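Everything numeric here is computed off the predicted structure, so don't read it as measured data. We count ligands from 1, going down the list as the structure has it; atoms in each ligand are counted the same way.
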Amino acid sequence: MIHIPKAEYSRRRKALMAQMEPNSIAILPAAAVAIRNRDVEHVYRQDSDFQYLSGFPEPQAVLVLMPGRVHGEYILFCRERNAERELWDGLRAGQEGAIRDFGADDAFPITDIDDILPGLIEGRDRVYSAMGSNPEFDRHLMDWINVIRSKANLGAQPPNEYVALDHLLHDMRLYKSAAEVKVMREAARISAQAHVRAMQASRAGLHEFSLEAELDYEFRKGGAKMPAYGSIVAAGRNSCILHYQQNDAVLKDGDLVLIDAGCEIDCYASDITRTWPVSGKYSEEQKAIYELVLAAQEAAFAEIAPNKHWNQAHEATVRVITTGLVELGLLQGDVGELIASEAYKAFYMHRAGHWLGMDVHDVGEYKVGGEWRVLEVGMALTVEPGIYIAPDNQYVAKKWRGIGVRIEDDVVVTKTGCEILTKGVPKTVAEIEALMAQARTQAA
Ligand code: GLY
Ligand code: MN
Ligand code: MN
């Protein structure tokens, strides 16, 4: 299994601490367990910020960073070992494991946090935390601060500054290291293989969930614990619903099927969309729309390189799509004016991409000081133009209605442009039709 090496977590903590003010403390909670129903829990997924700094996979844990603390800068509160609970629910690192396997300088039982943490906070000038994103944890933090305040008459000094950690931490997360790119390449490789498998299995009469099952099979076989987000398997007119999740309609001959799905490896997402004909051959109209979206994506790739800004790729897709829609007669008028009036949004209503990383819609600012962010080496993003012709669009000829096409790949900015991580899945009309034809021949 490819994963983030331990040394990298230590590097990240050091890099964050180097940016924190002197005499400060950062406090981050692990993700809570989410109940699905009664005694059943959702599959546990660690909080991305917590994971980024610790690699510690357990719930009920709190990470504390105290730059300059002589007795150790990295403290982890976590569950104690417990033979009875471990018999039912699985092994725990315990405090020994937190130090031995996860690099903590000091570790305490999570049940002791109310007694210990106020003492650690006391005397520090500034507290960094993810304010506002976890109300329950915010309340705990205020309780700990109030313990210190209540002892002010004994000389206890509560901190005076409370700062959102996001700005520092999320900027770090935006730049992917070599190890992160390696993990993302692996997630992309498995997801590409999943899309190939779904293409090969595609047949009229199956259901959307039949193809979802093919995806899930490859994800799990590749070692992914779960998809990075709910898989979208949208056939026919469902392809015009951007975040379709029902995945239970029948696949019909003559329809397209749009699949937007990617797995997660070591908490890093991949995010791929392909759109193909259920029965293996694009109709003339489907092909025209498909090739237009593909041309838009190619134009976007050309705008992803250091020193180009975030919006250039999106602008390129808008130009290509608007021009193409006019050529096909789906929009009428002057291309420049149609772009200015955003007429293309009737068909292309989302942006060309988003940052990609531990969160599928990853953290990181898109604008800095009011200006679009300039791309730099190591930033990862998706490139995903689409055209969706609503089934009830009265302004276009019937033959176009209900066609929805999106093509999405994942890229990392390199010195000279970008590396496409998701190349392992066919993309041109010829490549897709050939792959599907071959699968049919083999099955026959
Ligand atoms: N799958 C969500 C997205 O493409 O943004
Ligand atoms: Mn995406
Ligand atoms: Mn997607």
S.K.: Just checking Tyr162: does its OH atom have more than 12 heavy atoms from other residues, nucleotides or ligands closer to it than 6.0 angstrom?
M.R.: yes
S.K.: Is it the case that the side chain of Glu431 and the backbone of Lys427 share a donor-acceptor pair, with hydrogens and angles ignored and the cut-off at 3.5 Å?
M.R.: yes
S.K.: Around atom 2 (C) of ligand 1, find the nearest protein heavy atom and jot down its residue, atom name and distance.
M.R.: His361 NE2, 3.7 Å
S.K.: Would you list the protein N, O or S atoms within less than 2.8 Å of the Mn ion (ligand 2), leaving out water?
M.R.: Asp271 OD2, His354 NE2, Glu384 OE2, Glu408 OE2
S.K.: Return yes if a side-chain donor-acceptor contact under 3.5 Å exists between Gln51 and Gln46, otherwise no.
M.R.: no
S.K.: Does Glu408 pair with Arg274 as a salt bridge, N-O distance under 4.0 Å?
M.R.: no
S.K.: Would you say that more than 12 heavy atoms from the other residues, nucleotides or ligands in this model lie under 6.0 Å from the OH of Tyr44, or not?
M.R.: yes
S.K.: Less than 4.0 Å is my threshold; does some heavy atom of Asp260 fall inside it relative to ligand 1?
M.R.: yes
S.K.: Would you mind telling me if ligand 1 is within reach of the side chain of Ile232, the backbone, both or neither, using heavy atoms under 4.0 Å?
M.R.: neither
S.K.: Using a strict cut-off of less than 4.0 Å between a Lys/Arg side-chain nitrogen and an Asp/Glu carboxylate oxygen, indicate whether Glu8 and Arg13 qualify as a salt bridge.
M.R.: no
S.K.: So, are Arg401 and Asp392 salt-bridged, with charged N and O less than 4.0 Å apart?
M.R.: no
S.K.: Is it true that atom NZ of Lys423 has more than 12 heavy atoms of other residues, nucleotides or ligands lying nearer than 6.0 Å?
M.R.: yes
S.K.: For the 3.5 Å polar cut-off, considering only N or O atoms, please tell me whether Glu408 and ligand 1 meet it.
M.R.: yes
